[in-house]
Each structure stands twice: as structure tokens, then as C-alpha cells.
> 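The structure under discussion is supplied below as C-alpha cells; questions concerning it will follow.
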Amino acid sequence: MKIIALSDMHGHLPRVPQCDVCLIAGDSCPVSSHKPEYQARWLDTEFREWLQTIPSKLTIGIAGNHDLIFSSDHNNGVSVPDGLRWEFLQDSGIEFDGLKFWGTPYQAEFNGWPFMRSTEWLQEHWANLPAMDVWLSHGPPLGYLDDVDGAPAGMIALREKLELMQPQLCVTGHIHENFG
């Protein structure tokens, strides 16, 4: 199975090569405006058109901390447009071609952005999840591509969960200093 993974596009919509599954690990919306009304229009126009061009059998996406429209605490009652060509996961899963995918926007606390939670909240929240083959998260686990100015910024709760779950693949974003 060919999987293409993207994250932290911040409004830049790249050409995606042919794949079976395209994973989008959050921060899709442009950072030029965090207003939910702007994000709704952008998602309904440019993003909708771009999703249609992705040559995949399945596209799965989650929100990131800059995607305020997906957070009921930050979207001022503005709704995400219906009918986008992707499976949007917010602490939910989907099975495709024998693989179980799980997607979550939650990440370690950082400056009051959407989807930020304490380690204790994350540990309790993820405690009873079933095993998954592919984990899609905006924030990384502690110690994996999470270096910010020489210090780790990942989630201990996610690292612990992944060590127990042993997925085949974990795709994250959020930390711009570390990619790959």
C-alpha cells in the first residue's frame, strides 16, 4: 500500500502523487487569518478543489492547532463545510484495506491553542483505545521529531500509548523544526 503523508501545509496545497491513502496530519488552513469565517470559505473553495485532485483511493485528515474551525471551543459557531472529499477523524477511526487508522488532533499544551491538553488528560483520554495499525496525530510523541530549540516538545502520553499499541506507522506534524 502506498501512503502519502502531509502536515502543516498552512494553506499551501501541493501536488500529491498517485497513492492508495493520503494522510493529512493537521494545520491545513492558511495562517494569514485564523478567523473561522475565513477558514470556512477557504475550505469550501480552494481546499475542496484541491482535495478533488488527490489521486488516492482514500484521503484521511485531522485538525491541527491552526485549524480553529474544527474546534468547538474556537470556531465561534461557524461550521465546517459539508461534503469535503476526505474522511475527517477527530478521535475516531476508520478501516481501509485491512488497516485500522486512528486520527486525533490532541497534543501537549502550548500557548492556549485549540486541541491542547495536559499529559494527565491525554493519558486518560487514550487509555482504552483499541489497537490501531496507523496513528495520525498532529503533535508528535516525546522523543520523536519533537526538538524545539534543543528541548523535546512531544507528548509523553502519546509515546506511552504507541509503545503499548505498536502501530505499523505513526504520522505527526506540528513541530516545524523537525520533519521527515
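Because the structure is predicted, anything quoted here is derived from the model rather than measured. Note that the numbering runs from 1 along the sequence shown for the chain.
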> Return the CZ to CH2 distance between R48 and W86, rounded to the nearest 0.5 Å.
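Separation between the atoms: 11.5 Å.
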> So does E46 get a backbone contact from the side chain of E49, meaning a donor-acceptor N/O pair under 3.5 Å?
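Side chain of E49 to backbone of E46, a donor-acceptor pair under 3.5 Å: no, none is there.
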> Could you check, using the six-membered ring where one of them is a Trp, whether W121 and Y106 have ring centers closer than 6.0 angstrom?
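Yes, the ring centres sit under 6.0 Å apart.
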> Would L23 end up clustered with M9 when hydrophobic side chains under 4.5 Å apart are linked, directly or stepwise?
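Per the 4.5 Å side-chain linkage, L23 and M9 are not co-clustered.
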> Just wondering, do W113 and S71 contact through their side chains at under 4.5 Å, heavy atoms?
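No. Closest side-chain heavy atoms not under 4.5 Å.
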> Around atom CD of E37, are there more than 12 heavy atoms from other residues, nucleotides or ligands closer than 6.0 Å?
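Counting neighbours around CD of E37, more than 12 heavy atoms of other residues, nucleotides or ligands fall under 6.0 Å, so yes.
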> How far does OG1 of T119 sit from CD of E124, to the nearest 0.5 angstrom?
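These two atoms lie 13.0 Å from each other.
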> Under a 3.5 Å distance rule, please check whether K100 uses its side chain to pair with a backbone N or O of G93 as donor and acceptor.
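Judged by distance alone, no pair lies under 3.5 Å.
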> Does any non-hydrogen side-chain atom of H138 lie less than 4.5 Å from one of I62?
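Side-chain contact under 4.5 Å: yes.
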> Looking at D27 and N65, would you say the former's side chain and the latter's main chain have a donor-acceptor pair under 3.5 Å?
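Side chain of D27 to backbone of N65: a pair is present.
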> Can you check whether F101 reaches L169 side chain to side chain, under 4.5 Å on heavy atoms?
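Result no, sub-4.5 Å side-chain heavy-atom pair not found.
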> With hydrophobic residues grouped by side-chain heavy-atom distances under 4.5 Å, do I24 and L84 end up in a single group?
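Same cluster.
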> Are W126 and L89 connected in a single hydrophobic cluster, I mean Ile/Leu/Val/Met/Phe/Trp/Tyr linked by side-chain heavy atoms less than 4.5 Å apart?
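No, no single cluster joins them.
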> Considering non-hydrogen atoms only, spot the tightest contact between V21 and M1 and give its length.
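That would be CG2-SD, 3.9 Å.
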> Rounded at 0.5 Å granularity, tell me how far NZ in K2 sits from SG in C19.
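K2 NZ to C19 SG: 7.0 Å, rounded to 0.5 Å.
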> Before you tell me yes or no, could you show the steps for I4 and T59 under side chain to side chain contact (heavy atoms under 4.5 Å, CB included), namely the whole-Å CA-CA distance, both residues' side-chain angles and the distance that decides it to 0.1 Å?
CA-CA 9 Å; I4 300 292; T59 299; over 6 Å; no
> Report yes if some heavy atom in the side chain of C22 is under 4.5 Å from a heavy atom in the side chain of L58; otherwise report no.
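Counting from C-beta outward, C22 and L58 never come under 4.5 Å.
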> Roughly how far, to the nearest 0.5 Å, is CH2 of W102 from NZ of K161?
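One gets 9.5 Å once the value is rounded to the nearest 0.5 Å.
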> Which atom names give the shortest non-hydrogen contact between E95 and G98, and what distance separates them?
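Looks like OE2-CA, 4.1 Å.
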> Might you point out which heavy atoms bring K57 and F96 nearest each other, and give the distance in Å?
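Closest heavy-atom pair between K57 and F96: CB-CZ, 3.8 Å.
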> What is the distance from atom CG of L43 to atom CD1 of I69, rounded to the nearest 0.5 Å?
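So the gap between those two atoms works out to 5.5 Å.
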> For the residue pair V171 and W135, establish whether any side-chain heavy-atom pair is separated by less than 4.5 Å.
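A side-chain contact is absent here, since even the closest heavy-atom pair is not under 4.5 Å.
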> When you measure from the side chain of D44 to the backbone N and O of R41, does any donor-acceptor pair fall under 3.5 Å?
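Looks like no, no N/O pair under 3.5 Å.
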> Mind checking the SG-NZ spacing from C29 to K35? Nearest 0.5 Å is all I need.
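Atom-to-atom, C29:SG and K35:NZ are 15.0 Å apart.
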> What I want to check is whether the side chains of H34 and H66 have a donor and an acceptor closer together than 3.5 Å.
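Short answer, yes.
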> Can you confirm whether T172 sits close enough to S137 that some side-chain heavy atom of one is under 4.5 Å from a side-chain heavy atom of the other?
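T172 reaches S137 side chain to side chain.
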> Quick one: does P36's side chain get under 4.5 Å of H74's, heavy atoms only?
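SC-SC contact between P36 and H74 ruled out.
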> Quick one: do L136 and T104 satisfy side chain to side chain contact (heavy atoms under 4.5 Å, CB included)? Show the steps, please.
CA-CA 6 Å; L136 182 62; T104 183; over 6 Å; no
> Quick one, W42 and Q39 - any side-chain contact, counting heavy atoms below 4.5 Å?
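With C-beta onward as the side chain, the pair stays apart.
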> D20 side chain to S56 main-chain N or O, any donor-acceptor pair under 3.5 Å?
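No, the answer is negative, given that no donor and acceptor are paired below the 3.5 Å cut-off.
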> S92 side chain to Q90 main-chain N or O, any donor-acceptor pair under 3.5 Å?
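Confirmed, S92 side chain pairs with Q90 backbone.
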> Is the ring centre of F88 less than 6.0 Å from the ring centre of F70?
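Between F88 and F70, the centre distance is under 6.0 Å.
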> Has the side chain of N75 got a donor or acceptor atom that lies under 3.5 Å from a matching backbone atom of G77?
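Such a contact is found between N75 side chain and G77 backbone.
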> For the residue pair P114 and Q107, what are the closest heavy atoms and their distance?
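In terms of heavy atoms, the two residues are closest at O-NE2, 4.0 Å.
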> If you look at every heavy atom in P14 and W50, which pair is closest and at what distance?
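Smallest heavy-atom distance, with atoms named: O-NE1, 2.6 Å.
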> Might you point out which heavy atoms bring G173 and A25 nearest each other, and give the distance in Å?
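Heavy atoms only, the tightest pair is N-CB, 4.4 Å.
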> Do L51 and I60 belong to the same hydrophobic cluster, where Ile, Leu, Val, Met, Phe, Trp and Tyr are linked whenever their side-chain heavy atoms lie under 4.5 Å apart, directly or via other members?
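Not linked; separate clusters.
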> According to a hydrophobic-cluster definition based on side-chain heavy atoms being under 4.5 Å apart (Ile, Leu, Val, Met, Phe, Trp, Tyr only), do M132 and L122 belong together?
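As far as the 4.5 Å side-chain criterion goes, L122 and M132 are connected within one cluster.
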